[in-house]
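Step one of this worksheet: look at the structure below.
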Protein chains: 2
Amino acid sequence: MSTDAEPAPVSAKPPVTLREVAAAAGVSVATASKALNGQGRMTAETRERIRETARLLGFRPNSLAQSLLRKRSFTVGLLTNDTYGRFSLPLMAGVSDALVDKGVSVFLCNVEDDQRLGQLHVEAMLDKRVDGIVATGKRIDRHLPVDLSNLRIPVVYAFTQPDPGAVGLVSDDAGGARLAVERFVRLGRRRIAHVTGPASFAVVHTRAEAWRDVLKENGLAASEPLLGAWSEAWGHDAVARLFGKVGREGWPDAVFCGNDQIARGVIDALRERGISVPDDVGVIGFDNWEIVAEATRPPLTSVDMNLASLGREAGLALLSLVEGHPAAPGIRKLPCRLVVRQSCGSPPQ
Amino acid sequence: MSTDAEPAPVSAKPPVTLREVAAAAGVSVATASKALNGQGRMTAETRERIRETARLLGFRPNSLAQSLLRKRSFTVGLLTNDTYGRFSLPLMAGVSDALVDKGVSVFLCNVEDDQRLGQLHVEAMLDKRVDGIVATGKRIDRHLPVDLSNLRIPVVYAFTQPDPGAVGLVSDDAGGARLAVERFVRLGRRRIAHVTGPASFAVVHTRAEAWRDVLKENGLAASEPLLGAWSEAWGHDAVARLFGKVGREGWPDAVFCGNDQIARGVIDALRERGISVPDDVGVIGFDNWEIVAEATRPPLTSVDMNLASLGREAGLALLSLVEGHPAAPGIRKLPCRLVVRQSCGSPPQ
DNA sequence: GCGGGTTGGGAAAAGGTTTTCTCAGGGGGA
DNA sequence: TCCCCCTGAGAAAACCTTTTCCCAACCCGC
């Protein structure tokens, strides 16, 4: 399995220490340390001999001892309250990805919505001397149930409400919504409805406002957005409202949905009414939850929040903070992208 | 935010050390250490005074230093290759949950299917002296792209293929399938079909076999299971095959599906054909992916693999191993449970 | 031959905690 | 009065690595 290294020490009990390497090479630990780290002065021959010895013995420096001395553990904590959600996972993977190459490991801390659990995790991380913390959640407009405000280590907030004066990264929901609505406009749609989630979510308003702005900018009439639940069932209901009473000429020719589940419901309901997607009505969703977007008939065009990138950026931002580079506090918005499938229609040939 | 402790040291630069506590209390570090750990002998008064001093100063022992000495880092690694999947997340949360109360933190290691990434993560964990590793994946019948066979620290495999001689925890898929099929039998269904995923998955065969066994045990005829993809589309196709040509009397009166997406497709296709679920045909899915199971019409009865419990068990098993208790190697199967909603029908009154 | 600079390498402290050993003093029994 | 044991507490080693400081030897020019 190993590619080029010597065979791994087969279940040798205690790990090899620097002292043993030094003894085997006939030098002092100080010299051995310097040889391996490229520090100090010695003949190239000595340095190489020590390195070879270390390699042969399978020496790997004890991170704990290094951390103790360097006051840097090359470890960060990742706090989340989104245990079952689909938002955290790509985000977490992004953070981990961005950091593993720099030798930084990530502590996974699932705090649910439990203050006690949050406290417990934060204290554990502090005790373990993490270099910093990434806080992430399932809602962009809610705080985690922990206080990270004066912690002596840097904190970056990703996809969750940051403390004032902290560094926060979120997706640009308004931009994402514009992407979708502008697409519709370019495709010649004129009556673009918006079906979205409950008013208690900030993103509902952000996206609705962007939707309205684009309509106005293009001289199109904007009705009220339809607010409901984040569910397929609400998608069904919304279709009943939009396509129910009025004559065909009053129907929308496009529906921009607040998430993919709603879009799924909308598409299903339209099909049940014999309304063709995308010929009669275009549909675009939000979140680009692939397993849903690819199962709708036709496959769903959707706004992707690039959460993995968001995670990577958050990891990098934290690292930069840890290394002492100051960062402008405030919220940075990262662009979304539109993943075009078939539900929005194509440009007329 | 803190509940009862002294106000946290407001961004005091260096953490308080034991030496400082000792100095403040007028004792040696040795005595201070013993006082705080309940070791050694001293007057109750001295012990209490030291403890009070530590509390006042907000002393928290440096885990790094402790780990170095105790040869135990109270840290484990969690390896996964299921970045976007829905299986890992509850599993990971379970592991984390089981361990946080014991003061053990979890390193999140996302290895995708990349050998290099796997190697990188494993080496990083080893360097950081994790006490053990939980390996988990998205498929029960595949190895992770890393070699954990002779690692000097204990390894527990959860929901992934274990190395021979190692400890592995998986869900009892056969038992889960029995739960579903026996339910149908008790409800009086006689022609129970099985629509499932591709033959390349081991669970497809495990579940199909259990399905067949239950049918035989109850004197019911077993046709061939329908193997296809893990998708809604395949659920549609399967319905076309099952309910297509033959007369109504040849139709199944129940369909056991290999996962919830297939079940979703089946239910939708049945409705499109005007076949009532659950009156004409009962449907049960697998995975209990709530967001799908609750969106089907009617809501889907489904087999839940109890992944969070599986994760907890895995965490506990690893901990036990770390603490030196020997564990029987081999694969332990954890029971599934049937989450009853409306798609399977109720007992006749 | 001698002073100064360079070269190669070692000794030791530091980092924060735990644990083993040691020691001083006091009390009790003979 | 002497001895032994117990009590309370401190000194120091240990964990493993990094880094600073130091030293011996060598080379060079004068």
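Chain identifiers are assigned alphabetically (A, B, ...) following the order of the sequence lines, protein sequences preceding nucleic acid strands; residue numbering begins at 1 within each chain.
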Mind listing the N/O atom pairs, protein and nucleotides 4-8 of chain D, below 3.5 Å?
| unit_1 | atom_1 | unit_2 | atom_2 | d |
| --- | --- | --- | --- | --- |
| D:dG8 | N7 | B:Arg41 | NH2 | 3.2 |

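Applying the side chain to side chain donor-acceptor pair (under 3.5 Å) rule to B:Ser171 yields the partners B:Asp173; only residues at least two apart in sequence or on another chain are considered. Listed by chain and number, the residues in a ring-ring contact (aromatic ring centres under 6.0 Å, His included) with A:Tyr157 amount to none (sequence neighbours excluded). Residues that satisfy the salt bridge (charged side-chain N to carboxylate O under 4.0 Å, His left out) test with A:Asp127, not counting sequence neighbours, are B:Arg60. Not counting sequence neighbours, B:Phe74 has no partner by the ring-ring contact (aromatic ring centres under 6.0 Å, His included) test. In this structure B:Phe59 satisfies the ring-ring contact (aromatic ring centres under 6.0 Å, His included) test with no other residue, sequence neighbours excluded.
Protein chain B touches strand DNA chain C; the 5'-most and 3'-most nucleotides with an atom under 4.0 angstrom of its non-hydrogen atoms are C:dG16 to C:dT20.
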Let me check something: any side-chain donor-acceptor pairs from residues 93-106 of chain A under 3.5 Å, sequence neighbours excluded? List them with distances.
| unit_1 | atom_1 | unit_2 | atom_2 | d |
| --- | --- | --- | --- | --- |
| A:Asp101 | OD1 | B:Arg116 | NH2 | 2.7 |
| A:Ser105 | OG | B:Lys128 | NZ | 2.9 |

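Annotation: of the two residues near DNA chain D, B:Ala65 and B:Arg49, the 5′-most nearest-nucleotide partner is B:Arg49.
Proximity of residues 20-27 of chain B to DNA chain C (heavy atom under 4.0 angstrom from any strand atom) is not detected for any residue. Applying a 4.0 Å cut-off to non-hydrogen atoms, the residues of residues 28-38 of chain B that approach DNA chain D are B:Ser28, B:Ala30, B:Thr31, B:Lys34, listed by residue number.
Relative to the axis of its first five pairs, the axis of the last five pairs of the helix from C:dG1-D:dC30 to C:dA30-D:dT1 sits at 70°, rounded to 10 degrees.
Relative orientation of the B:Phe159 and B:Phe87 rings is tilted, given thresholds of 30° and 60° on the angle between their planes.
Residue pairs satisfying the side chain to side chain donor-acceptor pair (under 3.5 Å) criterion with at least one member in residues 307-320 of chain B, sequence neighbours excluded, are listed as follows: B:Glu313-B:Arg332.
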